[in-house]
Amino acid sequence: MSYCVSGADEQARNRFQSELEFVQCLANPYYLNFLAQRGYLRERPFINYLKYLLYWKEPEYSKFLKYPHCLHMLELLQYEHFRKELVNAQCAKFIDEQQLLHWQHYSRKRTRLQQALAEQQQPQQQPQPHGNATAK
């Protein structure tokens, strides 16, 4: 069986992959700093492109993201003040540190919630005494 992929299908697939990769790069504050320092975040066509990329927030697209935090950064990039602040390397460093703290806190909190849930389920799973058992 042979599959014929049209040029339009190939182009659509390449565009999807490129946009997916780019959107996920936005989760990296040092990459955002790089873009800001080179003036991309001041260019109207680039700002329009960032606005266009908001479609990645839709569930049919966001399910492909490995780094969902990029959606928050994409949202923040819609604001001029945020784009201007990214020129400062200290801003990128602060965002990076906050991301790290969030991930550390999230992991600990998730572990505690899972342990509490397991402890709640344990008493419910205790076997009931069988009707033929004799009490001593």
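This chain uses plain numbering: 1 for the first residue, then up along the sequence. These values consider heavy atoms only, across backbone and side chains, with no hydrogens, waters or symmetry-generated copies.
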When the side chains of residues 57-66 are checked against the rest of the protein, which donor-acceptor pairs come out under 3.5 Å, sequence neighbours left out?
residue : atom : partner : partner atom : Å
Lys57   : NZ   : Glu75   : OE1          : 2.6
Ser62   : OG   : Glu58   : O            : 3.3

Determine all donor-acceptor pairs shorter than 3.5 Å in which one atom belongs to a side chain in residues 88-97; sequence neighbours excluded.
residue : atom : partner : partner atom : Å
Asn88   : OD1  : Gln90   : N            : 2.8
Lys93   : NZ   : Glu97   : OE2          : 2.7

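Checked against salt bridge (charged side-chain N to carboxylate O under 4.0 Å, His left out), Arg44 has no partners two or more places apart in sequence or in another chain. Under the side chain to side chain contact (heavy atoms under 4.5 Å, CB included) criterion, His72 pairs with His69, Leu76, not counting sequence neighbours. When the ring-ring contact (aromatic ring centres under 6.0 Å, His included) test is applied to Tyr30, no partner is found at least two apart in sequence or on another chain. Taking Glu43 as the reference, nothing meets the salt bridge (charged side-chain N to carboxylate O under 4.0 Å, His left out) condition, with sequence neighbours excluded. Checked against salt bridge (charged side-chain N to carboxylate O under 4.0 Å, His left out), Lys51 has no partners two or more places apart in sequence or in another chain. With sequence neighbours excluded, the residues forming a side chain to side chain contact (heavy atoms under 4.5 Å, CB included) with Leu117 are Gln120, Gln121, listed by chain and number.
Placement of Tyr52 and Phe82 within a single hydrophobic cluster is found when ILVMFWY residues are connected by side-chain heavy-atom separations under 4.5 Å, directly or transitively. Linking Ile, Leu, Val, Met, Phe, Trp and Tyr residues whenever their side-chain heavy atoms come within less than 4.5 Å places Tyr49 and Tyr31 in a single cluster. There is no path of hydrophobic side-chain contacts, each under 4.5 Å, that joins Tyr67 to Leu86. Linking Ile, Leu, Val, Met, Phe, Trp and Tyr whenever their side-chain heavy atoms come within less than 4.5 Å puts Met73 and Tyr79 in one cluster.
Ring orientation note: the planes of Phe22 and Phe46 are nearly perpendicular, at an angle over 60° on the 30°/60° scale.
At a threshold of 4.5 Å between non-hydrogen side-chain atoms, the residues Leu41 and Val87 do not count as touching. Counting only heavy atoms from C-beta outward, the side chains of Trp56 and Leu20 approach each other to under 4.5 Å.
Here the closest non-hydrogen pair linking Leu77 and Leu32 is CD1-CD2, 3.8 Å.
For residues 18-42, every residue pair satisfying the salt bridge (charged side-chain N to carboxylate O under 4.0 Å, His left out) rule, not counting sequence neighbours, is listed here: Arg15-Glu19. Contacts classified as salt bridge (charged side-chain N to carboxylate O under 4.0 Å, His left out) and involving residues 77-90 (residues at least two apart or in different chains) are given here: Glu80-Lys84.
No option in Asn48, Leu71, Val23 other than Val23 meets the side chain to side chain contact (heavy atoms under 4.5 Å, CB included) test with Leu53.
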